[in-house]
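Right, one structure below, let's go through it.
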Amino acid sequence: MRLLGAIFAALLVAGSVGAAEIPQAERRSGYSFMTPDTRAMQDDDTANPGMLWGLDGEALWKRKVGSANKACADCHTDATASMKGVAAHYPAFDKALGRPVDLEQRINLCRTNHQQASPLAYESRDLLALTAFVAQQSRSVPIETSGDPQLEPFIAKGRELFMQRQGQLNLGCANCHDDNWDKRLAGSAITQAQPTGYPLYRLEWQSLGSLQRRLRACMTGIRAQAYDYGAPELVELELYLMSRARGMPMEAPAVRP
């Protein structure tokens, strides 16, 4: 951990004094930082492990659950048509709650409100599978989450959190992902933290995982207290990242190192 702290400190000395947002023309997906072998794994659906969750999600889409005895397909029919582009617009504002919800939360709201079923646990196989299946329908669709004026104050909160220094290492997301992207940390490339591929299969995890899992891991890495899954702060951070990636194509389920 001392070595990691020293590496972070060296990066900060090499980087800018203040975080500067990445110009639109310079935005790059995490895909572009990967080795050819890892890119090939993502590009080939028969080699991409994330597609296994997508297949499970397709089965869950058609399965009747809850006291309402309804399946997702009963309301939304063919997901290839009804869900195309949906994930590219999340997190989205929920009028009933008066705040944004991410795609996982929307799935659980549909379960509780329309299927009369229990919500699925964060990072559970079923929730990741349904999320992957829905997100997969938006592959190559440009991200578009910042058009709703009701989201503006929440995007601002997410940006503030992205810039905020925290934890024992006194670092913010921007110190790595705005100021020092394309450098290396402990042998790994520092990317721009573009959220184009979630949920994604991470080789380090040997599993599919959500964007919130990745955000929590980063917070732990700088020795900060990670927010609970589903916390408004994490959703606001997700929303800012998606607005920051506006126009970039969706890749889910992506593969990352």
Side-chain angles (χ1 to χ4, degrees), residues 57 60-61 63-77 79 82-138 141 143-164 166 173 193 195-196 198-199 209-216 218-219 225-246 250 252:
L60 290 168
W61 181 263
R63 184 180 302 170
K64 296 181 183 295
V65 297
S67 58
N69 195 33
K70 285 185 176 180
C72 304
D74 289 336
C75 290
H76 301 290
T77 61
S82 64
M83 293 294 108
K84 186 174 179 61
V86 168
H89 288 79
Y90 271 82
F93 189 79
D94 184 274
K95 292 182 179 179
L97 296 176
R99 58 176 172 81
V101 296
D102 63 15
L103 187 56
E104 289 89 343
Q105 290 172 325
R106 173 58 63 203
I107 288 170
N108 271 333
L109 285 169
C110 281
R111 283 179 63 85
T112 56
N113 293 339
H114 303 297
Q115 294 175 301
Q116 302 299 306
S118 299
L120 298 168
Y122 284 102
E123 302 306 305
S124 64
R125 177 86 185 193
D126 284 359
L127 184 55
L128 287 170
L130 275 169
T131 307
F133 176 65
V134 172
Q136 181 185 337
Q137 312 313 316
S138 295
V141 173
I143 291 172
E144 180 57 75
T145 57
S146 56
D148 186 348
Q150 296 176 102
L151 291 175
E152 290 178 3
F154 300 99
I155 293 173
K157 288 180 180 179
R159 182 184 184 280
E160 182 179 352
L161 184 57
F162 186 83
M163 300 294 176
Q164 176 186 320
Q166 55 182 312
C173 309
T196 53
Y198 287 90
S210 70
L211 178 53
Q212 289 203 10
R213 179 177 178 180
R214 187 71 190 105
L215 294 174
R216 284 167 48 86
C218 280
M219 290 174 180
Q225 179 63 49
Y227 296 104
D228 292 337
Y229 281 109
E233 292 87 352
L234 287 180
V235 178
E236 289 160 2
L237 191 49
E238 286 183 274
L239 177 59
Y240 170 68
L241 290 174
M242 289 292 278
S243 69
R244 179 172 169 265
R246 185 177 183 178
M250 292 284 292

Seminar exercise, completed: dist Glu152:CD -> Ser243:OG (nearest 0.5 Å) comes out at 10.5 Å
Problem set entry | Where Pro100 and Pro91 come nearest, the two heavy atoms and their spacing | CB-CB, 4.3 Å
Problem set entry | Donor-acceptor contact present, side-chain Arg246 to main-chain Thr145, <3.5 Å | no
Problem set entry | Non-hydrogen side-chain atoms of Pro195 and Met242 separated by less than 4.5 Å | yes
For this session: Could you tell me whether a side-chain N or O of Gln115 sits under 3.5 Å from a main-chain N or O of Lys70, the two making a donor and an acceptor?
Result: yes
Problem set entry | Least distance between heavy atoms, Ala87 atom then Ala135 atom | CB-CA, 3.7 Å
Seminar exercise, completed: The reported gap from CG in Leu239 to CZ in Arg99 (rounded to nearest 0.5 angstrom) is 12.5 Å
Seminar exercise, completed: One should read off an interatomic distance between Leu109 CG and His114 NE2, to the nearest 0.5 angstrom, of 8.5 Å
For this session: Test side-chain contact (heavy atoms from CB on, under 4.5 Å) on Lys64 and Asp74 and set out the steps.
Result: CA-CA 9 Å; Lys64 296 181 183 295; Asp74 289 336; 2.8 Å; yes
Exercise. Are any side-chain N or O atoms of Thr131 and backbone N or O atoms of Glu104, one a donor and one an acceptor, separated by less than 3.5 Å?
Worked result: no
Problem set entry | Which atom of Tyr240 lies closest to which atom of Gly158, heavy atoms considered | CB-C, 3.6 Å
Exercise. Between the side chain of Glu144 and the main-chain N/O of Ala88, is any donor-acceptor distance below 3.5 Å?
Worked result: no
Exercise. If you measure from CG on Leu215 to CG on Leu237, what distance do you get to the nearest 0.5 Å?
Worked result: 5.0 Å
Exercise. Does the side-chain contact (heavy atoms from CB on, under 4.5 Å) test come out yes or no for Tyr198 and Glu238, once each step is laid out?
Worked result: CA-CA 11 Å; Tyr198 287 90; Glu238 286 183 274; over 6 Å; no
Seminar exercise, completed: Correct closest heavy-atom pair for Gly85 and Val141 would be CA-CG1, 4.0 Å
Exercise. When rounded to the nearest 0.5 angstrom, what is the spacing between CG in Leu60 and CG in Leu120?
Worked result: 8.0 Å
Exercise. Is the count of non-hydrogen atoms from other residues, nucleotides or ligands lying under 6.0 Å from Gln164 atom CD greater than 12?
Worked result: yes
For this session: State which residues pass side chain to side chain donor-acceptor pair (under 3.5 Å) with Gln105; sequence neighbours excluded, sorted by chain then number.
Result: Tyr122
Exercise. What is the distance from atom CG of Asn113 to atom CG of Asn108, rounded to the nearest 0.5 Å?
Worked result: 10.5 Å
Problem set entry | Check against side-chain contact (heavy atoms from CB on, under 4.5 Å), Asp148 and His89 | CA-CA 10 Å; Asp148 186 348; His89 288 79; over 6 Å; no
For this session: Test side-chain contact (heavy atoms from CB on, under 4.5 Å) on Tyr227 and Leu161 and set out the steps.
Result: CA-CA 12 Å; Tyr227 296 104; Leu161 184 57; 3.8 Å; yes
Exercise. Going by heavy atoms in the side chains, are Met83 and Phe133 under 4.5 Å from each other?
Worked result: no
For this session: Would you please name every residue forming a salt bridge (Lys or Arg N to Asp or Glu O under 4.0 Å) with Arg106, sequence neighbours left out?
Result: Asp94
Exercise. Is the shortest heavy-atom distance from the side chain of Val86 to the side chain of His76 under 4.5 Å?
Worked result: no
Problem set entry | Shortest non-hydrogen contact from Cys72 toward Leu130 | SG-CD2, 4.4 Å
For this session: Return the minimal non-hydrogen interatomic distance between Val101 and Tyr90, and the atom names on each side.
Result: O-CD2, 3.4 Å
